[in-house]
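Remarks on the structure that follows.
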Amino acid sequence: MLTQKAEGLHPFTRRDAGRLGIAAAVLVMLLTAILAIDFLQSGLRIEEGRPADRDIVATGQISFESEVQTAAERDRARNLVEPQYDYSIDKALDVSSQQVGALRTALFPLDRAFDPDTPETERRSTLEQVLPDLSESAREVLLAVDPARWPAIKAEAIRVLENVERTEIRDSALAEVRGDLSRRFGAALEPMERMLGEDIIRPFVAPNSTYSEALTEEVRNQRAAAVEPVQVQILPAQIIVRAGDPITAADIEILDRANLLEAGPDVAAVAGWFLLAALLVGLLLAWVWRFRPEVWHRNNVLVLVGLLLVVTAFALKLTAGRYALPFLLPVAAVGMLVAVLLDAGAATVLMAVLALIAGAVNGNSLEMAAYVFLGGFAGIVAVRRGDRLQVFVQAGIAIFIVQALVISTFSLFGARDPRGVLELWGASAASAGGAAVAAVGSFAVLGNIFGILTVFQLLELANPSQPLLRRLLVETPGTYHHSIMVGNLAERAAESIGADPLITRVAAYYHDIGKLANPYAFIENQAGGDNIHDELEPDVSAQILKQHVVDGIDLAYRSKLPKSLIAFIPQHHGTATMAYFLARARELAAAPYGGIGTTDGRKAADAVDERKFRHIGPKPQSREAALIMLADGVEASVRSLAARDEPAIRAMVARIIDERLADGQFDECDVTLRDIERIREAFIGQLLAMYHTRIAYPQNKVVEIESRRAAGGGSGAS
């Protein structure tokens with residue numbers, strides 16, 4: 001029965017479950033191994049102070065309080081603390097009182113020396129002996145001081161000492177304070193008197209603030225305790241240590257927290273990658289089973305898709321986290337290859353899976369996912385069937401434009417500076433060019449390896465110089481002409497329903513190559529001679545006709561035709577009956593009973609085993625095979641018509657199509673009622689063009705009459 005492409009056409013069988021289980025297990029394990037193992041970090045030589053031999057990239061997001069960095073910040077805070085001294089007001093007053101008292105005691109002899117009643121010799125003797133620390137110049141001034149000026153000098157010296165001692169004098173700054181005493185004396189004294197006063201009190205200036213190790217340590221501890229713990233946050237794909245930079249203790253701590261120093265993998269990360277791989281592979285295989293059943297049952301195609309998925313995932317993982325390397329990968333080549341070898345739908349789904357992987361391995365990067373998917377999708381749209389080199393160039397240009405726009409879009413969000421944009425534009429140009437070159441250079445090779453017909457193979461097989469086609473032309477010219485006509489009919493019908501016209505035409509050329517084994521058993525090669533089937537039993541004739549399918553498959557394998565093309569040979573007849581020989585067998589069976597018109601004759605005719613007169617099949621499995629079946633029957637039937645005007649052609653085309661429909665020949669392929677109507681009109685249009693009426697030229701008439709006369713004369717003579 002006809003189908004409207006219902007999704008439930010192919011039930012999920014136990015065999016499907018087995019295929020799904022095996023394919024899923026293999027792909028999930030491979031993807032998990034690729035995604036979970038950090039190839040960039042393997043074999044790292046981590047040693048503090050040693051330069052990193054490569055970029056070390058975080059595989060996931062981590063956040064923690066850094067003990068190393070917190071300790072470094074606290075040490076920095078401790079080192080910023082200045083030395084602490086034990087100065088206090090009370091201590092300053094005590095020291096001031098002591099030193100002023102000592103000064104008064106030291107100056108007491110001078111008070112007596114400058115007393116007017118003291119003899120000059122005694123005064124001079126006292127002045128020469130008192131204050132032994134005075135400099136020579138100061139002592140000379142002291143000897144020359146007017147006794148009346150001494151009280152003022154003394155009072156000013158005591159005042160200055162008292163004031164100096166009440167301010168902080170650190171033991172480390174004592175020399176500085178002593179050297180700065182002169183500016184503290186008042187203007188009431190003469191310069192020489194101020195110099196004398198400075199020299200007198202200098203030995204009495206004592207420190208009132210001493211460095212305290214305990215106090216300094218206490219303040220340092222307080223400052224260190226006030227430092228908040230340093231929070232470290234590392235994002236996925238963030239570079240922890242750049243190549244060539246010395247590895248610090250802080251770096252080692254981060255690497256340890258990120259589990260990059262451990263020999264074994266992070267169990268949680270492995271589980272996450274396993275779930276992602278299972279989701280992607282499961283949905284991909286489910287889509288193939290549901291929407292591409294012809295791919296689902298072809299192991300070679302599934303292996304190719306799996307191989308492209310695994311190899312691309314490996315490349316994405318290997319370059320993950322680098323600045324520009326992921327943008328350099330020609331991932332779009334995968335989409336173009338699958339579009340050319342299979343179809344655009346499968347290519348789009350595979351690119352979506354690869355885009356998710358690309359985003360995941362690059363730190364859940366939406367930009368990378370968009371870059372891979374949209375670039376690949378542009379290549380799929382532009383490459384179409386890839387039947388010319390020019391389309392691959394156009395596809396490369398389209399990929400570059402789309403990838404550059406993706407980079408520009410995310411750069412406008414503030415992701416990078418203008419220089420970074422230009423660098424990534426260059427990477428996208430290299431990626432697009434590499435994708436085009438990789439696709440055009442490998443699709444034919446992959447097609448041959450995995451048994452997938454490519455456009456170039458089909459064009460080569462359609463070349464009349466092909467050995468099999470040359471044999472058809474030379475050994476079976478009638479079959480050759482018939483195959484060409486079938487190809488023309490089927491190709492036009494394929495275009496009308498959206499099937500593949502190229503493979504339809506090429507398959508039509510080779511569908512009857514089995515007739516090479518016994519050319520004269522088929523009427524188109526008998527050139528008007530005797531028909532051998534007139535002397536044979538119908539079942540024997542039917543067996544001879546069946547044999548051309550077997551011989552065709554045999555010859556196709558020996559000639560190394562692609563398997564997908566060989567499949568058309570048995571399908572072009574399906575399980576249809578050989579109506580002529582079946583009818584003859586029934587007539588012969590009914591003849592002893594008075595013919596089919598009698599009751600016994602009908603019974604005898606019905607007793608004929610119809611299975612002997614049916615082709616072995618299978619029925620057409622694709623729309624293209626259905627078209628060749630119809631074109632084969634239509635071309636042979638219309639050729640037998642005496643009059644090939646439009647009504648006769650329409651009636652014959654309708655009869656052939658209705659017979660195949662009624663016989664259930666299209667139960668196993670996706671041909672709809674709308675397709676049937678379009679096929680009918682395409683056949684009629686092509687046949688009318690092939691058998692259009694021509695003008696009867698007078699000279700042609702003369703030749704025809706003379707040939708008949710000659711034939712009549714000859715027969716009469718014989």
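Throughout, residue positions are numbered sequentially from 1 according to the sequence presented.
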Heavy atoms only: give me the nearest [X]-[Y] pair and the separation to one decimal.
X: A508; Y: S483; result: O-CB, 3.6 Å
X: V331; Y: L316; result: CG2-CD2, 4.0 Å
X: A398; Y: A378; result: O-CB, 3.9 Å
X: S411; Y: I407; result: OG-O, 2.7 Å
X: F392; Y: V340; result: CZ-CG2, 4.3 Å
X: T454; Y: G447; result: CG2-CA, 4.0 Å

With heavy-atom distances below 4.5 Å as the criterion, would you say the side chains of [X] and [Y] are in contact?
X: L461; Y: P562; value: yes
X: M336; Y: I399; value: yes
X: F274; Y: L35; value: no
X: P570; Y: I616; value: no
X: L446; Y: I452; value: no
X: F450; Y: V301; value: no
X: L20; Y: W289; value: no
X: L561; Y: I513; value: yes

Exercise for the section: May I ask you to check whether over 12 heavy atoms, not counting those of E460, lie within 6.0 Å of atom CD? Expected result: no

Exercise for the section: Decide if atom CH2 of W287 counts as having more than 12 heavy atoms of other residues, nucleotides or ligands within a radius under 6.0 Å. Expected result: yes

Tell me whether [X] contacts the main-chain N or O of [Y] through its side chain, where contact means a donor paired with an acceptor under 3.5 Å.
X: R623; Y: I497; answer: yes
X: R660; Y: L630; answer: no
X: E624; Y: D500; answer: yes
X: D417; Y: G420; answer: yes
X: K619; Y: G664; answer: yes
X: S431; Y: L329; answer: yes
X: Q621; Y: Q571; answer: no

Problem - R680/E677 ion pair, N-O < 4.0 Å - result: yes

Return the [atom1] to [atom2] distance between [X] and [Y], rounded to the nearest 0.5 Å.
X: L235; Y: Q61; atom1: CG; atom2: CD; answer: 5.5 Å
X: L374; Y: I401; atom1: CG; atom2: CD1; answer: 14.0 Å
X: I252; Y: R257; atom1: CD1; atom2: CZ; answer: 14.0 Å
X: Q233; Y: I254; atom1: CD; atom2: CD1; answer: 11.5 Å
X: H573; Y: D632; atom1: NE2; atom2: CG; answer: 5.5 Å
X: L307; Y: L27; atom1: CG; atom2: CG; answer: 10.0 Å

Practice task
Determine, step by step, whether E491 and T504 satisfy the side chain to side chain contact (heavy atoms under 4.5 Å, CB included) criterion, reporting the C-alpha distance in whole Å, the side-chain angles of both residues, the deciding distance to 0.1 Å, and the verdict.
Solution key: CA-CA 6 Å; E491 181 180 33; T504 303; 5.5 Å; no

Handout entry: Chi angles and distances behind the side chain to side chain contact (heavy atoms under 4.5 Å, CB included) call for S496, E681
Key = CA-CA 9 Å; S496 70; E681 293 304 316; over 6 Å; no

Exercise for the section: Start with the C-alpha gap between V338 and V349, add the side-chain angles, then the distance that decides, and say whether side chain to side chain contact (heavy atoms under 4.5 Å, CB included) holds. Expected result: CA-CA 10 Å; V338 177; V349 172; over 6 Å; no

Exercise for the section: Provide the full list of ring pair (Phe, Tyr, Trp, His ring centres under 6.0 Å) pairs with a residue in residues 345-374, sequence neighbours left out, each pair given once. Expected result: F327-Y371, F373-F377

Handout entry: All side chain to side chain donor-acceptor pair (under 3.5 Å) counterparts of Q665, not counting sequence neighbours
Key = T575, D663

Exercise for the section: Take M629 and F666 through the test side chain to side chain contact (heavy atoms under 4.5 Å, CB included) and record every step on the way to the result. Expected result: CA-CA 10 Å; M629 169 183 274; F666 306 136; 3.9 Å; yes

